[in-house]
Novice: 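Okay, here's the structure, questions in a sec.
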Amino acid sequence: MRKVINGRTLLLVALLAASVVAGCQLLAIPFAEREATREIPAEFDLTAERLLVFPYVSYDISYEFNNLPLHLMQQVILRLDNTKVGRVIDPREVLAFQQNNLDWQSMPVERIGQHFKVDKVLYLEVEAFGIREWQSANLYRGRAEVAMQVVTVPTADRPAMVPYEGTVNLTLPEDRPIGTSEISEDGMYQATLIRLSESIANKFRDHKVKVLGGGSR
């Protein structure tokens with residue numbers, strides 16, 4: 001990391017639809033399996049007066065998904081709404097910085113944080129992202145790998161620190177791919193992006209996870 005419609009098909013699409021915003025082209029689900037939930041505590045307290053969410057996406061990935069950096073920042077910030085963060089830097093300012101500073105990839109994360117006058121940086125390095133099943137033109141399966149760091153920006157009284165490091169490895173759906181007749185390309189992109197952003201944000205917030213087959217409460 002840099003300085004960081006059979007019943008089975010219905011269930012698969014239901015799991016996708018549960019995490020996709022309005023507008024995605026997914027099938028309507030007539031039922032849902034009874035389920036329980038369990039509480040998962042946050043892995044790290046992301047409390048900050050000013051926070052920068054800063055992505056690094058390789059050329060190969062951004063060439064195929066050119067809006068991924070912007071979309072990822074927007075979706076992660078949206079899901080940090082119940083954390084103790086005062087202000088988050090506008091993703092458009094981040095993109096402008098990257099476009100106007102061609103050497104930004106060689107800059108330490110804490111220096112970038114100083115430029116934006118923040119006290120913490122959530123640095124996201126997207127190591128893999130895709131929506132198609134390997135060696136298949138007719139099947140979708142979302143995948144993503146992201147390494148992340150929280151970097152504390154140094155001040156006169158505090159050195160730069162990396163108090164948290166983590167990873168997200170996502171496969172969607174986990175057990176089998178989905179046919180292109182069941183979901184659109186944009187729908188698969190949105191489903192993968194949103195599940196990824198939820199997984200990232202959940203590192204920093206208490207949340208519930210569904211336990212299938214656990215009855216109801």
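On a predicted model such as this, the values are computed, not experimentally measured, just so you know.
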Novice: Would the distance check show the side chain of K120 and the main-chain N or O of E49 forming a donor-acceptor pair, the cut-off being under 3.5 Å?
Specialist: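 Not a single qualifying donor-acceptor pair exists.
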Novice: For a side-chain hydrogen bond (donor to acceptor under 3.5 Å, both in side chains) check, start with the C-alpha distance between D45 and T47, then their side-chain angles and the critical distance, and finish with the verdict.
Specialist: CA-CA 6 Å; D45 182 358; T47 298; 2.5 Å; yes
Novice: Less than 4.5 Å apart, any side-chain heavy atom of I112 and any of V151?
Specialist: no
Novice: Would you kindly confirm whether M161 and M148 end up in one hydrophobic cluster when ILVMFWY residues are joined by side chain heavy atoms under 4.5 Å apart?
Specialist: no
Novice: Do Q74 and S197 have side-chain heavy atoms sitting under 4.5 Å apart?
Specialist: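 The answer is no, as the side chains (C-beta and beyond) never meet within the 4.5 Å cut-off.
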Novice: Going from CG on L72 to CG on N67, what distance comes out if it is rounded to the nearest 0.5 angstrom?
Specialist: 12.0 Å
Novice: Does atom CZ (R92) have a neighbourhood of more than 12 heavy atoms from anything else shown, all under 6.0 Å?
Specialist: no
Novice: Could you tell me whether the side chain of F204 reaches within less than 4.5 Å of the side chain of V85, counting heavy atoms only?
Specialist: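 They are not in contact (no side-chain heavy atoms under 4.5 Å apart), so the answer is no.
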Novice: How close do V126 and I61 get, heavy atom to heavy atom, and via which atoms?
Specialist: O-CD1, 3.7 Å
Novice: Determine whether a donor-acceptor pair (N or O, by modelled atom type, separation under 3.5 Å) exists between the side chain of R79 and the backbone of I200.
Specialist: no
Novice: Enter the distance from R205:CZ to I40:CD1 here, rounded to the nearest 0.5 Å.
Specialist: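 Answer rounded to 0.5 Å: 12.5 Å.
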Novice: Any chance you could lay out the side-chain contact (heavy atoms from CB on, under 4.5 Å) test for V53 and V94, step after step, and finish with the verdict?
Specialist: CA-CA 8 Å; V53 178; V94 178; over 6 Å; no
Novice: Going by atom types alone, do D157 and T155 pair a side-chain donor with an acceptor below 3.5 Å?
Specialist: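 The criterion, which ignores hydrogens and geometry beyond distance, is not satisfied for T155 and D157.
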Novice: Of all heavy-atom pairs between F116 and R50, which one has the smallest distance, and what is that distance?
Specialist: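 Here F116 and R50 meet closest at O-NH2, 2.8 Å.
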Novice: Apply side-chain contact (heavy atoms from CB on, under 4.5 Å) to residues Q75 and I194 and explain how you reach the verdict.
Specialist: CA-CA 7 Å; Q75 293 296 331; I194 291 173; 4.0 Å; yes
Novice: Can you find a heavy atom in the side chain of M188 that is under 4.5 Å from one in the side chain of R141?
Specialist: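 No, every pair of side-chain atoms sits at 4.5 Å or beyond.
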Novice: Given side chains that start at C-beta, do those of L52 and V153 come closer than 4.5 Å, heavy atoms only?
Specialist: no
Novice: Quick one: are R87 and I89 in side-chain contact, heavy atoms under 4.5 Å?
Specialist: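 The answer is yes; the side chains approach within 4.5 Å.
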Novice: Check whether any side-chain heavy atom of Q98 sits under 4.5 Å from a side-chain heavy atom of P55, and report yes or no.
Specialist: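 Counting from C-beta outward, Q98 and P55 do come under 4.5 Å.
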Novice: Would you say the side-chain atoms of D206 pair up with the backbone N or O of P41, donor to acceptor, closer than 3.5 Å?
Specialist: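 Checked: no pair found.
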Novice: Nearest 0.5 Å, please: how far is CG in L193 from CD in E198?
Specialist: 10.0 Å
Novice: What distance do Y123 atom OH and E165 atom CD have between them, rounded to the nearest 0.5 Å?
Specialist: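 Y123 atom OH to E165 atom CD measures 11.5 Å (nearest 0.5 Å).
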Novice: Any chance you could measure N202, atom CG, to L80, atom CG, to the nearest 0.5 Å?
Specialist: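 Interatomic distance, N202 CG to L80 CG, rounded to 0.5 Å: 9.5 Å.
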Novice: Name each donor-acceptor pair under 3.5 Å that joins a side chain in residues 131-138 to protein atoms two or more places apart or in another chain, with its distance.
Specialist:
residue: R132; atom: NH1; partner: A137; partner atom: O; Å: 3.0
residue: S136; atom: OG; partner: N138; partner atom: N; Å: 3.4
residue: S136; atom: OG; partner: L139; partner atom: N; Å: 3.3

Novice: So D119 and R158, side-chain contact (heavy atoms from CB on, under 4.5 Å) or not? Walk me through it.
Specialist: CA-CA 10 Å; D119 45 299; R158 179 188 64 206; 4.1 Å; yes
Novice: Taking E145's backbone N and O only, do any of them form a donor-acceptor pair with N169's side chain (distance below 3.5 Å, no angle check)?
Specialist: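 Such a contact is absent between N169 side chain and E145 backbone.
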Novice: Supply the atom-to-atom distance L46 CG to K203 NZ, rounded to the nearest 0.5 angstrom.
Specialist: 13.5 Å
Novice: Which heavy atom of P69 sits nearest a heavy atom of F65, and at what distance?
Specialist: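 Looking at all heavy atoms of both residues, the closest pair is CD-O, 4.2 Å.
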Novice: What pair of heavy atoms forms the shortest contact from L196 to L170, and how long is it?
Specialist: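 Reported closest heavy-atom pair: N-CD2, 3.8 Å.
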Novice: Taking all non-hydrogen atoms of both residues into account, name the closest pair between I77 and P91 and its distance.
Specialist: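 Smallest interatomic distance, heavy atoms only, reads CD1-CG, 3.8 Å.
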Novice: Does the R38 side chain pair with the main chain of V209, one donor and one acceptor, at a distance under 3.5 Å?
Specialist: no
Novice: The criterion is side-chain hydrogen bond (donor to acceptor under 3.5 Å, both in side chains); which residues satisfy it with R111, sequence neighbours excluded?
Specialist: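 With neighbours one apart ignored, the set is empty.
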Novice: Apply side-chain contact (heavy atoms from CB on, under 4.5 Å) to H115 and N101, showing your working.
Specialist: CA-CA 12 Å; H115 170 83; N101 296 271; 5.6 Å; no
Novice: What are the two closest non-hydrogen atoms of K208 and E39, and how far apart are they?
Specialist: CE-OE2, 2.8 Å
Novice: For W104 and F54, take the angle between the two ring planes, folded into 0 to 90°, and tell me which bin it lands in: parallel under 30, tilted 30 to 60, perpendicular over 60.
Specialist: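 Perpendicular, since the angle between the ring planes exceeds 60°.
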Novice: Would a 4.5 Å heavy-atom cut-off, applied to side chains only, mark Y189 and L68 as touching?
Specialist: yes
